[in-house]
Each structure stands twice: as C-alpha cells, then as structure tokens.
Amino acid sequence: MAKLESKIPSGPLADKWRRHKTEIKLVNPANKRKYEVIVVGAGLAGSSCAATLAELGYRVKCFVFHDSPRRAHSIAAQGGINAAKNYQNDGDSVHRLFYDTIKGGDYRAREANVHRLAEVSVNIIDQCTAQGVPFAREYSGLLANRSFGGAQVSRTFYARGQTGQQLLLGAYSALSRMVGQGGVQLHPNSEMLDLVLVGGQAKGIIVRNLNTGEISRHSADAVVLATGGYGNVFNLSTYARGSNATAIWRAYKRGACFANPCYTQIHPTCIPVSGDYQSKLTLMSESLRNDGRIWVPKRKEDRLKPPAEIPESDRDYYLERIYPSFGNLCPRDVASRAAKRMCDEGRGVGESGLGVYLDFADAIKRLGENGVRERYGNLFDIYHEITAESAYKSPMRIFPAVHYTMGGLWVDYNLMSNIPGLFVLGEANFSDHGANRLGASALMQGLADGYFVIPYTLGDYLAGQKAGSRPATDAAEFKEAEDNVRGMTRRLLENKGKEPVSHFHKRLGKLMWEYCGMARNKAGLEQALQKIPALREEFWANVNVPGSGDTLNQSLEQAGRVADFIELGELMCRDALTREESCGGHFREEYQYEDGECRRDDVNFAHAAAWEYQGADRTPLRNVEPLNYEFTKMSVRSYK
C-alpha cells in the first residue's frame with residue numbers, strides 16, 4: 001500500500017507557506033549547476049517551471065511533443081486568470097479567493113494547497129505584466145478585471161479572449177531566454193513513453209522522437225511532469241486533439257498514485273455537437289456569461305422557433321431564476337447540470353434539442369455593439385467561423401462539454417508524487433481544485449506551480465540528493481524501460497487488425513459520456529466496467545496501425561495514447577462507482593436533493609481517493625488521504 005504523506009506544514013493557515021519556505025533545505029548556487037532536471041511538457045506549467053529552474057542555475061532538459069512550446073494547449077484558454085488583488089475595491093482578498101475556491105470545489109480540495117494558490121496569485125499578475133503580457137486596462141491605465149463563475153467579486157485579469165495565448169507567450173519568452181543562455185536543452189517533437197525508477201526514485205524517462213522514431217534514454221536527478229489533463233478520454237472535448245494522458249498514465253503504471261480520476265469538469269458554454277464527423281468541440285469562454293443571459297423557451301413547442309419570435313414573457317432565464325445570488329455566473333458544474341435539466345425537460349433548442357441560448361441583446365443595448373465587440377470580439381468571430389451565425393444579431397447556442405480534469409497524479413504539499421523525485425504540476429496533478437474548478441483558476445495554478453512553488457520544493461528534495469549521483473543511461477533500469485517501450489511499439493505495429501485507431505477512440509468516448517459524463521449512476525457505471533475491458537480486448541485484437549516505427553507515424557502515436565485512454569477510462573468509472581456521493585463535477589444520480597443539487601457524504605467521503613496500480617488485469621488498490629478542514633466549515637454548497 002502506498003504511503004500518502006501530505007507534508008502539510010503546521011501552524012496557522014495563512015502562515016504555512018511562508019514558514020515552509022523558511023524551513024526547507026536549500027541548494028547553494030554553485031551546487032545547482034551540478035543537478036539535472038527533466039521537465040516534460042511546455043505549456044504554462046512546464047515552460048514557467050523550466051525557465052525558472054534554469055534561471056536559478058539548474059541544468060534543465062525540457063521535452064515537448066509539439067514542434068514548439070507555443071502550440072501547447074494552454075494557448076486555448078480564453079477568459080482570464082484569477083488573482084486576489086482587489087483592484088476593483090469590491091471586497092476581494094486572499095482569504096475570499098481561498099474560500100471561493102474551496103467552496104467551488106465542493107469541499108474536496110486540500111485547504112493548505114488552495115490557500116497557497118490564493119497567496120501566490122497576487123505575484124503572478126506582477127510577474128506576467130513585467131514580461132509584457134498585454135492585460136486589458138481601464139481608461140486610467142490600471143489593469144482591468146471581470147467576473148467569473150462562483151465569485152461575487154471581479155478578480156479575473158484578461159487579454160480579450162486570448163489570455164492563455166498571451167500568458168504562454170510570456171512564459172515562452174522566459175523559456176527561450178534560458179534556451180539561448182544554455183540553461184535549458186529543449187527537445188521538441190519528443191514524447192515521453194515511460195518513467196525510469198532507480199532505487200525507487202524517479203531518475204529518468206524514455207522518449208520517442210516523433211519525426212524519426214528514435215527511442216532514447218534520458219537521466220536526471222529529478223523528473224517534473226507538466227503534461228496537462230486527460231479529458232480526451234471522452235474523444236469529443238474542448239482539448240486540443242494532441243492532448244493525452246500517456247506521461248502520467250505510464251508514471252501511474254510505475255507506481256505513482258492516480259487521485260480522484262472521476263473528477264471531470266463539464267463546461268457549460270461550448271458550441272453543441274453538430275455531427276459524428278467532428279474531432280473536437282469548441283469552447284466559448286465563460287467570460288461571456290458576464291454580459292450574456294442564458295435562457296430556453298418556457299414551452300416545449302417553442303424550441304424550434306427562431307429566438308426572435310419568442311417574446312420575453314415566454315423565455316425562461318433559468319439560472320437567474322434558480323440561482324438569484326449568482327445568476328448566470330454560478331459555477332460550471334452547477335450551470336452545466338441546469339442546462340442538462342432544461343434539455344431533459346424537452347426545452348433544449350436547435351435540431352438536436354441539446355442546446356440553450358446565450359443572449360447578448362441586453363448587453364448590446366447597454367454597451368453598444370462596439371462595446372461588446374471590444375470585450376469579446378474574437379470570441380464572436382470564432383462562433384461565426386464555426387456556425388456561420390452572428391451572435392450580435394441572434395443568441396449563441398451553447399451546450400456543456402468536457403473541458404478539464406480535476407483528478408491527476410497524487411502529490412503532496414511540495415508537489416511531489418508518492419514516487420520520490422517525481423514532481424507533477426498544473427492540470428496533471430490533483431491538488432488544488434477539489435471536485436470542480438472555478439473558471440480562470442487553471443492558468444493561475446499552472447503559473448503558480450511553475451513560477452513560485454516548484455523552485456522552492458524541488459530544491460528541498462535535491463538538497464538530499466548527492467550532486468552528480470544520477471545514474472548513467474546504460475543502467476539496467478533504463479534498458480528495462482526501453483525494452484518495455486519497444487515491446488509495446490512492436491505489438492501495435494505487428495497487430496493485423498482491420499479497424500483504425502479512431503474507431504476505438506470514438507467508441508470509448510461514447511461509453512464514457514453515456515456512463516461517466518455529466519451524470520452517473522451505479523447501474524451505468526457497472527455496465528461501463530463490463531464494456532470497457534471488452535473494448536480493450538477488441539482494441540488489441542483488431543486495431544490496425546499502418547506504417548513503421550522508425551519514421552513519422554501519427555497512427556502509431558494515436559494508438560499508444562488510445563490504449564492508455566481505454567485503461568484510464570476504466571479507472572475513472574471504477575473511481576466514480578466507489579465514490580457514493582455527489583460532489584462538484586461528480587454527480588451520482590442516486591445522491592441528490594429534491595431540487596437536483598449535489599448531496600455530499602462528508603462522513604464517508606471527505607477524502608482524496610488515490611489509486612495504486614497492481615499489475616495488468618488486477619484491480620487497483622484504493623488508498624485514501626483524509627481531507628481535514630481545520631479552518632473552513634464544510635457546508636451545503638449553495639449559490640441561490
């Protein structure tokens with residue numbers, strides 16, 4: 001059984017991080033040059049981590065499967081990044097951001113990690129502004145803020161609808177500077193396919209060059225995974241198609257615990273599915289809910305009418321009706337389930353009946369079309385490009401879709417997994433969001449982990465490692481890991497099946513959405529746990545992977561990733577089945593109040609479930625980390 005030690009510092013909540021920084025071990029500047037660190041991933045968390053560690057003096061190798069870090073999925077984040085600066089003088093504070101995040105996660109996150117995130121948020125904005133990130137500004141020149149779901153203050157900093165892109169360019173510029181100075185060796189078009197453990201510690205990775213097919217070994221004193229989330233297990237999601245779970249899944253199979261895999265965020269503001277031909281879904285930023293009003297017809301028979309023909313008296317602004325305190329800015333999980341209920345009642349709009357309206361008519365009257373265009377113009381352009389409809393003239397049609405995963409590899413307060421020397425940052429870990437992430441908090445966590453947390457906590461670990469003691473890549477453990485990778489590659493290429501990889505990914509996605517999507521129940525999850533293993537067997541018996549392994553082969557890349565998704569999907573369903581409560585994005589139909597809200601079970605499930613791999617075809621072990629709320633009172637989460 002894995003030993004889960006959270007290593008949360010003692011003392012008052014507001015003092016924990018400050019005290020911890022003064023008490024941890026340090027590596028002197030001359031010795032930092034003797035340590036090598038591998039960073040896998042170069043989105044916001046990976047780029048900021050690699051750049052900061054190199055600037056401190058560590059030698060860093062950064063691996064990214066894209067041709068450039070600028071293509072990382074962080075670029076797709078639209079609406080903003082939270083920070084408790086209280087520029088609007090509307091009552092915000094570090095404590096309020098902390099509390100909103102704890103409550104937004106339905107009391108299933110670690111208090112200490114969340115408070116540290118709220119503290120560090122203030123520094124992130126200064127850091128990024130100094131890098132030249134073009135945040136929106138008020139007429140006075142001060143940075144502007146807007147509101148996001150789950151908060152009653154305006155704390156979200158933004159750069160129109162391109163916040164992720166602009167923040168990533170800032171982190172990328174810092175990374176490029178360190179590449180130029182020789183502190184970072186950047187390895188693009190490189191995919192991590194296995195983790196190497198030596199003496200029970202993470203000491204390297206096995207990598208495949210996606211252009212040449214070359215498989216190589218890389219040794220280091222510590223390994224950092226910053227590889228994003230696993231939402232593409234559903235096939236259709238708002239993730240980039242390349243986003244995958246292979247790095248964290250291969251680490252899981254080497255002994256890293258996977259925590260809360262069933263916690264999936266469904267974003268309420270996405271363009272609805274239009275056909276089976278689609279490869280991904282497109283997000284319309286949550287920031288649109290600042291000025292857009294969400295509604296459906298009151299009568300089923302009106303759902304196919306043009307919205308302009310439905311008078312105000314026949315419209316149901318259901319979020320404003322059900323949640324008057326927060327209205328259209330209630331949290332994502334709450335808004336998503338409410339949209340599903342409207343569609344289940346037969347009032348969903350569009351030909352499929354799976355859609356609701358996001359209407360800007362009132363905002364245009366108040367601000368003028370140019371005012372709305374200034375705030376959201378590029379988002380409206382995206383919507384027009386995909387739907388050929390103008391949201392200035394007619395309401396957007398939106399529907400929930402998979403957008404983020406709160407689960408991930410288990411980490412302690414120092415962001416180290418239960419495998420010594422393996423650190424996990426950003427969406428790849430489970431630590432900060434509980435059962436639901438509030439909007440504009442993903443960018444905050446990625447940059448907090450990379451710029452401000454890992455530089456301290458990694459040094460604490462390396463101070464206990466003898467400089468220059470990392471193993472050579474000809475060690476037996478590296479050979480075993482490389483043989484494992486080559487064996488799986490050979491198995492995929494030699495398979496004489498008839499179906500392409502996409503055939504299995506689509507089928508897995510439909511199973512996951514039906515049985516482990518917005519709503520789950522025991523019977524459905526039990527069915528999934530019968531159907532997914534059968535799908536896995538069929539995959540290995542009938543998948544067809546053309547080409548060879550010694551050149552560019554995207555079918556081979558996808559085959560390995562989908563094989564991992566199938567196994568991860570099974571674990572997600574198992575986790576959802578054992579968590580007999582509803583909380584945040586995990587909604588078990590058996591556990592709800594009469595009004596359809598989540599019914600938590602704090603007596604039996606106020607913990608993180610950390611699953612431990614036990615071998616192929618063996619049931620994984622469910623470990624538990626209790627969540628002790630010393631400074632926050634658990635209560636029924638209400639946004640009414």
Side-chain angles (χ1 to χ4, degrees), residues 43-44 70-81 133-136 144 146-149 156-169 228 231-232 234 236-243 265-275 277-294 307 328-329 332 335-336 339 349-350 352 354-361 363-364 367-404 439-440 442-443:
L44 281 181
R70 289 175 297 173
R71 293 177 62 85
H73 183 56
S74 299
I75 202 172
Q78 297 169 338
I81 177 171
V133 172
F135 287 119
R146 57 189 176 199
S147 299
F148 257 60
T156 304
F157 295 78
Y158 63 97
R160 296 191 72 185
Q162 308 167 359
T163 313
Q165 179 183 24
Q166 298 302 329
L167 291 172
L168 184 60
L169 289 173
N232 272 345
F234 290 87
L236 286 180
S237 75
T238 67
Y239 286 74
R241 284 304 292 176
S243 299
Q265 177 162 92
I266 312 295
H267 197 295
T269 318
C270 301
I271 298 178
V273 176
S274 57
Y277 59 85
Q278 280 185 266
S279 61
K280 75 177 300 294
L281 299 176
T282 302
L283 171 70
M284 289 288 98
S285 169
E286 180 171 308
S287 63
L288 294 171
R289 291 199 276 150
N290 271 278
D291 292 304
R293 301 180 69 195
I294 296 174
N328 295 296
L329 285 172
R332 292 174 175 178
S336 293
V349 300
S352 68
L354 298 177
V356 300
Y357 287 129
L358 179 59
D359 196 333
F360 289 87
I364 291 172
L367 302 170
E369 185 174 317
N370 286 337
V372 172
R373 192 181 301 276
E374 183 179 331
R375 294 184 182 186
Y376 310 114
N378 65 309
L379 298 172
F380 279 50
D381 292 344
I382 292 170
Y383 185 80
H384 181 267
E385 197 71 25
I386 292 172
T387 66
E389 298 172 10
S390 171
Y392 297 106
K393 298 177 181 178
S394 184
M396 290 182 178
R397 284 176 295 109
I398 57 171
F399 191 69
V402 172
H403 178 61
Y404 191 88
L443 304 182

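Positions are given from 1 along the sequence. These numbers come from the heavy atoms of this one structure, side chains and all, not from hydrogens, waters or symmetry mates. Treat the numbers as computed from the prediction; the structure is a model and nothing was measured.
Of all heavy-atom pairs between F380 and V372, the closest is CZ-CG1, 3.8 Å. Residues Y376 and N290 share a closest heavy-atom pair of OH-CB, 3.5 Å. Here the shortest heavy-atom pairing between F148 and E286 reads CD2-OE2, 3.3 Å. Between A159 and P134, the shortest heavy-atom contact is CB-O, 3.6 Å. Across all non-hydrogen atoms, the minimal contact from L358 to L288 is CD2-CB, 3.9 Å. Counting all heavy atoms, side chain and backbone alike, G79 lies closest to Y158 at O-CB, 3.2 Å.
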Mind listing the side-chain donor-acceptor pairs of residues 390-400 below 3.5 Å, one per line with the distance, residues two or more places apart or on another chain?
unit_1 : atom_1 : unit_2 : atom_2 : d
S390   : OG     : Y392   : N      : 3.3
R397   : NH2    : E389   : OE2    : 3.0

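Using a 4.5 Å heavy-atom cutoff, the side chains of P307 and D359 are not in contact. Contact check for R160 versus Q165: no side-chain heavy atoms found under the 4.5 Å cut-off.
Heavy atoms of other residues, nucleotides or ligands lying less than 6.0 angstrom from CD of E374 number 12 at most. Counted within 6.0 Å of CZ on R146, heavy atoms from surrounding residues, nucleotides or ligands total more than 12; the atom is thus considered enclosed.
We find the CG-OG1 distance between L283 and T269 to be 7.0 Å, quoted to the nearest 0.5 Å. To the nearest 0.5 Å, atoms NZ (K280) and SG (C270) are separated by 9.0 Å. Here T156 contributes atom OG1 and F135 contributes atom CZ; the two are 11.0 Å apart, rounded to the nearest 0.5 Å. Annotation: the span from L167 atom CG to I75 atom CD1 amounts to 11.0 Å, rounded to 0.5 Å. If you take CG on L367 and CZ on R373, they are separated by 13.0 Å, rounding to the nearest 0.5 Å. Here the NE2 atom belonging to H403 is positioned 10.5 Å from the CD1 atom belonging to I266, to the nearest 0.5 angstrom.
Taking the side chain to side chain donor-acceptor pair (under 3.5 Å) definition, one finds that S243 meets it with nothing, sequence neighbours left out.
Between the N232 side chain and the G242 main chain, no donor and acceptor come within less than 3.5 Å of each other. S285 places no side-chain N or O within donor-acceptor distance of the main-chain N or O of Q78, the cut-off being under 3.5 Å. A distance-only check finds no donor-acceptor pair linking the side chain of N328 to the backbone of R293 [under 3.5 Å].
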Exercise for the section: Decide side-chain contact (heavy atoms from CB on, under 4.5 Å) for S287 and L379; before the verdict, give the C-alpha distance in whole Å, the side-chain angles of both, and the deciding distance to 0.1 Å. Expected result: CA-CA 10 Å; S287 63; L379 298 172; 4.0 Å; yes
